[in-house]
Amino acid sequence: MPSTPPRRSVGSVDLTPRPETVGRPFVRLARPEHYDDRTTLLRPIGSRLKPRTAAAAACVVLGLGLIGGATTGSMLTGDDDGPPSVQAAYREAGQLWHGVPVDRLFPRTLKGEGAGPGRADRTWTRIAVAPDSTCAHAFDPLLHKALRSAGCLRLLRATYTDATQSNVTTVGLMFTKADAEATKALRSRFLEQGLDRREDLMPRPYAAKGTVAEGFGDRQRASWTINILTDAPVVVYAVSGFADGRSVSEPQPAADAMKSGSTSAPAQAGLGHDAQGIADRIERDLRKTVKKSADRDTEQ
């Protein structure tokens, strides 16, 4: 019989990888609409974060037991990977949350050519943007613990609906305090243990009142994707569900719901395609914004 993997926990919560998730491939994961306009910025709330020392970061990582000794050693030395331009782009990305207009981070309309089931075209319309916030209530406790080593600097969220207003999807950008080494270690952990595919590690939706997503709660979550970037201190995620508020007993990771021949409710409704398609486009736009900002700073 196969041996049972050693149990891992963070605090009192078990993070032992489930047998069925180990080795699976990594998935490329307020106020209603009138709150924002084309000139609105996501403003900083509270005092600015004091510069984090490498030693303090190492202590946090060691205390949580989420990053190995090799990574900790690298953090203590203060070494960064990549040439200066890459390091500058990484740092620049971490500041975008309070200096970029909402419409650039979360466009009002997203075009998904070939992004639907059977490579059908999809169009998603933004129906709500949440005020920037902490991550305190945005994740289930277990996912919050799994991401804690990166440190939550700020969380930005928006909710979209499809052209028929049958499906709703919340997409989030979690800006972290982590340096490049800590980010890579966290991504590796999610990849190796299949944490992005576990039902008990799904992100929570943003159910904005007065919109078709008002009934989009935890029990309505149907499909999701989580992607930890390594070239920016950002975790990109999306979670989708039905706009009519129906509960979903068997949610599926987007990668599974998008497979040809899948007959689950999320797959048949295209909810995996919604989650992955929206997350991919928000991530792509973020990378473009980072590049433009880094190029501008270089020219100056």
Side-chain angles (χ1 to χ4, degrees), residues 26-30 32-33 36 42 96-97 100-130 132 138-139 143 155-175 196-197 202-208 211-214 216-217 220-229 232 234-243 248 251-259 262 265-290:
F26 187 80
V27 182
R28 278 263 323 139
L29 54 304
E33 178 67 13
D36 60 272
L42 294 168
L96 292 178
W97 66 272
V100 176
V102 169
D103 286 350
R104 193 183 303 172
L105 290 175
F106 299 120
R108 293 176 180 272
T109 302
L110 295 172
K111 300 290 185 180
E113 296 182 3
R119 299 197 61 79
D121 293 343
R122 302 285 258 196
T123 300
W124 300 283
T125 301
R126 193 187 72 203
I127 57 176
V129 176
D132 59 287
F139 303 123
L143 179 56
L155 179 66
L156 313 181
R157 295 171 293 166
T159 297
Y160 287 80
T161 187
D162 66 338
T164 66
Q165 295 194 343
S166 300
N167 301 342
V168 287
T169 302
T170 292
V171 60
L173 298 173
M174 172 184 163
F175 287 78
D196 61 301
R197 306 172 68 92
M202 279 192 293
R204 283 178 172 166
Y206 170 58
T211 72
V212 295
E214 188 169 5
F216 188 20
Q220 285 70 42
R221 292 176 291 185
S223 191
W224 76 99
T225 181
I226 302 173
N227 187 34
I228 299 167
L229 308 187
V234 181
V235 177
V236 182
Y237 70 85
V239 56
S240 60
F242 295 103
V248 179
Q252 272 191 315
D256 292 343
M258 292 171 64
K259 289 180 179 178
S262 180
Q268 293 295 305
L271 288 167
H273 289 80
D274 285 343
Q276 193 66 60
I278 291 175
D280 284 348
R281 281 149 184 81
I282 295 300
E283 179 182 322
R284 182 181 60 197
D285 288 346
L286 176 68
R287 291 181 188 278
K288 290 180 180 178
T289 300
V290 171

Q. Does any non-hydrogen side-chain atom of Leu155 lie less than 4.5 Å from one of Leu173?
A. no
Ignoring hydrogens and angles, tell me if any N or O in the side chain of [X] forms a donor-acceptor pair with the backbone of [Y] under 3.5 Å.
{"X": "Thr170", "Y": "Tyr206", "answer": "yes"}
{"X": "Arg221", "Y": "Pro203", "answer": "yes"}
{"X": "Ser262", "Y": "Lys259", "answer": "no"}

Heavy atoms only: give me the nearest [X]-[Y] pair and the separation to one decimal.
{"X": "Ala279", "Y": "Val171", "result": "CA-CG2, 4.3 Å"}
{"X": "Ala222", "Y": "Pro266", "result": "O-CG, 3.6 Å"}
{"X": "Arg126", "Y": "Tyr160", "result": "N-CD2, 3.2 Å"}
{"X": "Gly241", "Y": "Phe216", "result": "N-CZ, 3.5 Å"}
{"X": "Phe106", "Y": "Ala158", "result": "CG-CB, 3.6 Å"}
{"X": "Asn167", "Y": "Thr161", "result": "O-OG1, 2.8 Å"}

Hits for side chain to side chain donor-acceptor pair (under 3.5 Å) against Thr164, two or more places apart or cross-chain, chain-then-number order -> Asp162, Ser166
Which of Met258, Met202, Arg197 passes side chain to side chain contact (heavy atoms under 4.5 Å, CB included) with Pro253? It is Arg197
With sequence neighbours left out, the residues meeting side chain to side chain contact (heavy atoms under 4.5 Å, CB included) with Glu214 are Lys209
- Message: Under the rule for ring pair (Phe, Tyr, Trp, His ring centres under 6.0 Å), what residues qualify as partners of Phe139, not counting sequence neighbours?
- Response: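 Once residues adjacent in sequence are excluded, the partners of Phe139 under the ring pair (Phe, Tyr, Trp, His ring centres under 6.0 Å) criterion are Tyr237.
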Checklist line | Carboxylate-amine/guanidinium contact Asp103 Arg108, below 4.0 Å | finding: yes
